[in-house]
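Contents: one structure, followed by commentary.
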Amino acid sequence: MKLESFKNYGFNFLLFFANGEMFTVDIHPLVGRYISESDLNSARIDSEWGCLEFCNGIIDIDPTTLYRYAVSYGYSKQHKGSGERSEQIIS
């Protein structure tokens, strides 16, 4: 599953996947031990692997792992209908 884009609000990330699904997830359980809140500004998608990475790639999360995490923990999910994406964070 490819991660296309994201927006972050602290440890809460709005994730957009290639299948049209988007999830709001708290990634603190995944990376909170390894990065500080100030490191969240370094988040980017690695163009080669498609990982969500932090601190210039020192810490990364595979997109498949991220997708499974979002699905498994029941975070809000929406499907894109008309191709538009909501900018609203779902709590």
Using the test side-chain hydrogen bond (donor to acceptor under 3.5 Å, both in side chains), find all partners of [X] that sit at least two apart in sequence or belong to another chain.
| X | value |
| --- | --- |
| Asp46 | none |
| Arg44 | Glu53 |
| Ser38 | Ser36 |

Kindly compute the distance separating [atom1] ([X]) from [atom2] ([Y]), expressed to the nearest 0.5 Å.
| X | Y | atom1 | atom2 | answer |
| --- | --- | --- | --- | --- |
| Tyr73 | Leu30 | OH | CG | 8.0 Å |
| Leu52 | Leu66 | CG | CG | 6.0 Å |
| Phe16 | Phe13 | CZ | CZ | 12.5 Å |
| Leu3 | Trp49 | CG | CH2 | 16.0 Å |
| Asn12 | Leu15 | CG | CG | 10.0 Å |
| Leu40 | Asn8 | CG | CG | 6.0 Å |

Check ring-ring contact (aromatic ring centres under 6.0 Å, His included) between Phe11 and all other residues, then give those that pass, not counting sequence neighbours.
His28

Could you list all the salt bridge (Lys or Arg N to Asp or Glu O under 4.0 Å) pairs where at least one residue sits in residues 54-71, not counting sequence neighbours?
none

Got a donor-acceptor contact below 3.5 angstrom from the Tyr67 side chain to the Lys2 backbone?
no

From CA spacing to verdict: side-chain contact (heavy atoms from CB on, under 4.5 Å), Phe54, Ile27:
CA-CA 12 Å; Phe54 303 89; Ile27 65 163; 3.6 Å; yes

Run the side-chain contact (heavy atoms from CB on, under 4.5 Å) test on Phe23 and Phe17 for me, step by step, so that the C-alpha distance in whole Å, both residues' side-chain angles and the decisive distance to 0.1 Å come before the verdict.
CA-CA 9 Å; Phe23 298 85; Phe17 290 93; 3.7 Å; yes

Scanning both residues in full, the closest heavy-atom pair of Cys51 with Pro63 reads CA-CD, 3.9 Å

Compare every heavy atom of Met22 with every heavy atom of Leu14, then report the nearest pair and how far apart it is.
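Heavy atoms only, the tightest pair is CD1-SD, 4.3 Å.
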
By side chain to side chain contact (heavy atoms under 4.5 Å, CB included) - contacts of Ile58 (at least two apart)
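Ile58 satisfies side chain to side chain contact (heavy atoms under 4.5 Å, CB included) with Cys55 only.
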
